[in-house]
Amino acid sequence: MPEREPILDIGVEIRDARTAVLSVAGELDMETAGRLDDHLAEQLGQGRHHLVLDLSALDFMDSSGLNVLIRSVHRAREAGGDLYLAAPNSAVRRILEITGLTTTLPPHERVAEALAAAGGGR
């Protein structure tokens with residue numbers, strides 16, 4: 001039986017010069033976490049230090065995904081911005097809660113709320 005190809009789709013919407021929304025869909029695990037890390041680092045490198053992650057279509061996340069979030073929030077905050085989580089499903093929210101990450105990165109119910117918190121809601 002052939003191994004299944006891990007699927008992670010990442011869409012980027014530039015909201016303004018300092019804000020981007022990254023829509024993450026599929027599975028965020030050891031094999032795909034580097035792709036999200038690269039996308040986040042690219043946005044930070046472009047001067048967009050307020051990053052909203054739309055997690056509404058993220059089906060699964062393991063510790064590799066959590067590590068990407070932790071690294072990215074530190075990078076964004078060092079640059080004077082922040083990372084905002086939006087619309088995680090119940091399974092992803094549970095992982096965030098169990099690990100205590102919701103203390104550092106409280107998830108927002110909707111992207112619009114995360115954008116408002118980032119100051120980029122239009």
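The residues of the chain are indexed from 1 along the displayed sequence.
- Atom OG1 of T99 sits about 6.0 Å away from atom CG of L96, to the nearest 0.5 Å.
- Within a 6.0 Å radius of CZ in R94, no more than 12 heavy atoms belonging to other residues, nucleotides or ligands are found.
- Under the 4.0 Å criterion applied to side-chain N and carboxylate O atoms, D9 and R35 are not assigned as salt-bridge partners.
- Of the charged side-chain nitrogens involved, at least one lies within less than 4.0 Å of a carboxylate oxygen, so that R110 and E113 count as a salt-bridged pair.
- For the 3.5 Å distance criterion, the side chains of T19 and D16 qualify, holding a donor opposite an acceptor.
- Ring pair H108/Y84 is tilted by interplanar angle, where 30° to 60° counts as tilted.
- Considering only heavy atoms from C-beta on, L28 stays 4.5 Å or farther from V92 through its side chain.
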*Where do H49 and R18 land on the side chain to side chain donor-acceptor pair (under 3.5 Å) test, with the steps shown first?*
CA-CA 6 Å; H49 301 146; R18 61 185 196 95; over 6 Å; no

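- With rounding to the nearest 0.5 Å, the separation of CG in L44 from CG in L51 is 5.0 Å.
- Residues L69 and F60 are members of separate hydrophobic clusters, defined by side-chain heavy-atom contacts under 4.5 angstrom among Ile, Leu, Val, Met, Phe, Trp and Tyr.
- Within the model, atoms CG of D82 and CZ of R77 stand 4.0 Å from one another, a figure rounded to the nearest 0.5 Å.
- With values rounded to the nearest 0.5 angstrom, L58 atom CG is found 7.5 Å from L8 atom CG.
- Residues L83 and L53 form a side-chain contact, since some pair of their non-hydrogen atoms from C-beta on lies under 4.5 Å apart.
- With contacts defined as side-chain heavy-atom distances shorter than 4.5 Å, the pair V12/Q43 qualifies.
- Closest heavy-atom contact between G81 and H50: CA-CE1, 3.7 Å.
- By the 4.5 Å heavy-atom criterion applied to side chains, L66 and I95 are counted as neighbours.
- Residues D54 and L22 are not in side-chain contact: their nearest non-hydrogen atoms beyond the backbone lie 4.5 Å or more apart.
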*Could you give me the CA-CA distance, side-chain angles and deciding distance for N67 and S64, then say whether side chain to side chain donor-acceptor pair (under 3.5 Å) is met?*
CA-CA 5 Å; N67 285 330; S64 300; 5.5 Å; no

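- Considering only heavy atoms from C-beta on, I10 stays 4.5 Å or farther from S23 through its side chain.
- Remark: E42 does not engage R48 in a salt bridge, criterion side-chain N to carboxylate O under 4.0 Å.
- A distance of 8.5 Å separates CG in D62 from CE in M30, rounded to the nearest 0.5 Å.
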*How far apart are the C-alpha atoms of D37 and R75, what are their side-chain angles, what is the distance that settles it, and do they pass the side chain to side chain contact (heavy atoms under 4.5 Å, CB included) test?*
CA-CA 11 Å; D37 196 37; R75 288 183 203 147; 3.0 Å; yes

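- In the hydrophobic clustering of ILVMFWY residues, with side-chain heavy atoms under 4.5 Å counting as a link, I14 and V24 come out together.
- Taken from CG in D29 to OG in S63, the straight-line distance is 9.5 Å, to the nearest 0.5 Å.
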